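Values in this document were obtained by computation on a predicted structure and should not be read as measured data.
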Amino acid sequence: TPPTRDSPTAAARHMRSTLLLLVALGASAQGVDSPIHTAVQENDVEAIKRHLKGGADQNAIHPGSGQTPLMMAVLMGKEKVVEYLLSKEAQADVTIPEKDGYTPMHGAGFQGRAKIARMLIDNGIDPNSIHADGFTPIHRACWGRDVRHAETVRVFLEAGVPWDFAAKNGQTPLAMCKQRGHPMAVKALEEWREKWESLEKKRRRAARTALPEELRSAAGRSGSESRSSSGSSGSRSKTRSRASGCLTSAAHPGRSFVR
């Protein structure tokens, strides 16, 4: 049967076509670039400053790609330009998407721009933003196979992006990296998963340890009674049930203490 729109194959084709559009950085209407976009391509921060002082729009839309100077700089990896456009002096709008709706954070993921992704995050831009296609920036980074994409995955993880977030089609970043055959990104995600699981175990252990003494004693007595006698009275059974409920609740904060 043909793949559905939400199948991995359809998603891969969609992302591939989108990537081809994004990397067509030299595309323009009849080859016409605005002066500020030309300065971005030349990585000329001083020229950008002059254009802005002369009245140029820091959020000017490129006639062909639909990209702002910031979006173009992100995709092209012009780190100094990105740093300047994010400054208080330039105050570029980080929310303006290019013609297909992709914002700078998604662009950083697509192109594997780890340093730029960190800059954007440090400037308060949400690394968990979800595009209309159901993918987040970390999914974009998982699409690439270069070292820089694995580094970008790590940046997103360190920023608190969930390692197991499922996209609209059900794919997690780890599943996508495995499908794409990107061992470095797979390693980064698996290491993060192990770290998270270890921390979760420690948190649960700490929660049990933090139980009041009388609750720990009640839980201990309940365990002893259960081992020594299976024919307990109804009242003892209720006591054990309550003690057990307390212990379970403490291991899962947010639930009521007694069931």
Side-chain angles (χ1 to χ4, degrees), residues 11-12 15-16 18-25 40-45 48 65 67-87 90 92-98 100-131 133 135-165 167 171-196:
M15 292 189 72
R16 184 184 299 111
T18 303
L19 182 58
L20 290 174
L21 286 172
L22 287 173
V23 298
L25 301 176
V40 169
Q41 294 174 41
E42 295 175 351
N43 203 27
D44 192 340
V45 175
I48 294 173
S65 65
Q67 298 164 5
T68 62
L70 176 61
M71 186 66 174
M72 180 175 282
V74 168
L75 292 170
M76 297 184 74
K78 307 296 186 183
E79 295 172 8
K80 291 183 179 180
V81 172
V82 171
E83 183 178 15
Y84 172 69
L85 290 173
L86 291 174
S87 70
D93 190 335
V94 301
T95 66
I96 300 176
E98 47 75 80
D100 293 304
Y102 296 95
T103 55
M105 189 67 81
H106 282 264
F110 257 129
Q111 292 294 333
R113 309 299 185 192
K115 290 183 180 179
I116 290 176
R118 190 175 288 111
M119 287 184 203
L120 295 171
I121 293 168
D122 289 345
N123 277 271
I125 303 173
D126 184 11
N128 291 304
S129 62
I130 304 175
H131 186 263
D133 62 8
F135 292 101
T136 66
I138 194 172
H139 290 97
R140 311 290 179 203
C142 288
W143 175 248
R145 293 178 175 176
D146 296 329
V147 174
R148 68 178 192 267
H149 290 97
E151 293 173 347
T152 306
V153 167
R154 287 188 181 277
V155 168
F156 287 136
L157 291 172
E158 291 168 359
V161 173
W163 59 270
D164 57 349
F165 180 81
Q171 277 192 309
T172 63
L174 181 57
M176 183 173 285
C177 287
K178 287 182 177 180
Q179 179 188 357
R180 291 290 296 160
H182 192 348
M184 288 176 288
V186 168
K187 181 181 179 181
L189 286 159
E190 289 183 337
E191 287 177 348
W192 199 264
R193 178 181 62 185
E194 291 172 2
K195 178 180 179 181
W196 184 89

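When side chains are defined from C-beta on, Met184 counts as touching Val147, because their heavy atoms get closer than 4.5 Å. Between Ile130 and Phe165, some side-chain heavy-atom pair lies under the 4.5 Å cut-off. Looking only at side-chain heavy atoms (C-beta outward), Thr152 and Ile116 stay at 4.5 Å or farther from each other. In this structure, Val40 and Ile48 have side chains that are in contact, with non-hydrogen atoms separated by less than 4.5 Å. The shortest distance between side-chain heavy atoms of Glu158 and Arg118 falls below 4.5 Å.
Asp44 CG to Lys80 NZ: the interatomic distance, rounded to the nearest 0.5 Å, is 11.0 Å. Atom CG of residue Asp164 and atom CZ of residue Arg193 lie 9.5 Å apart, to the nearest 0.5 angstrom. Taking CH2 of Trp192 as the start and CZ of Phe156 as the end, the distance is 13.5 Å to the nearest 0.5 Å. Atom CG of Asn123 and atom CE of Met105 lie 9.0 Å apart (nearest 0.5 Å). With rounding to the nearest 0.5 Å, the separation of CE in Met119 from CG in Leu85 is 11.0 Å. Distance CZ/Arg180 to CZ/Arg145: 4.0 Å, rounded to 0.5 Å.
Salt-bridge formation is detected for the pair Lys178/Glu190: a Lys NZ or Arg NE/NH1/NH2 atom is positioned less than 4.0 Å from an Asp or Glu carboxylate oxygen. Look at Arg140 and Asp133 and you find a salt bridge, because one of the NZ, NE, NH1 or NH2 atoms lies within 4.0 Å of a carboxylate O, short of that distance.
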Subject >> Working for salt bridge (Lys or Arg N to Asp or Glu O under 4.0 Å), residues Glu191 and Arg154 >> reply: CA-CA 10 Å; Glu191 287 177 348; Arg154 287 188 181 277; 3.1 Å; yes

Original post:
Given the rule in the side chain to side chain contact (heavy atoms under 4.5 Å, CB included) test, do Met71 and Ile96 qualify, once you have shown the distances and angles that lead to the verdict?
Top reply: CA-CA 8 Å; Met71 186 66 174; Ile96 300 176; over 6 Å; no

**OP:** Show the numbers, then the answer: is there a side chain to side chain contact (heavy atoms under 4.5 Å, CB included) between Leu189 and Cys142?
**Re:** CA-CA 10 Å; Leu189 286 159; Cys142 288; 4.1 Å; yes

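With hydrogens and angles ignored, the 3.5 Å screen pairs no side-chain donor or acceptor of His149 with any backbone N or O of His182. In terms of modelled atom types and a separation under 3.5 Å, the side chain of Gln111 and the main chain of Arg113 share no donor-acceptor contact. In this structure a side-chain-to-backbone donor-acceptor pair under 3.5 Å is present from Glu98 to Tyr102. His106 contributes a side-chain N or O that, together with a main-chain N or O of Ser129, makes up a donor-acceptor pair within less than 3.5 Å.
The two residues Leu157 and Ala188 make their nearest non-hydrogen contact at CD1-O, 4.0 Å. Residue Pro137 comes nearest to Asn128 through the heavy atom pair CD-C, 4.5 Å, listed as atom of the first residue, atom of the second, then distance. Annotation for Pro104 and Leu70: closest pair CG-CD2, 4.0 Å, computed over non-hydrogen atoms.
A search for side chain to side chain donor-acceptor pair (under 3.5 Å) contacts involving Arg148 returns Asp146, not counting sequence neighbours.
In summary, the side chains of Thr136 and His139 do present a donor paired with an acceptor at a separation below 3.5 Å, with no hydrogens or angles considered.
A side-chain contact (heavy atoms from CB on, under 4.5 Å) with Val94 holds for exactly one of Leu86, Asp126, Thr103; it is Leu86.
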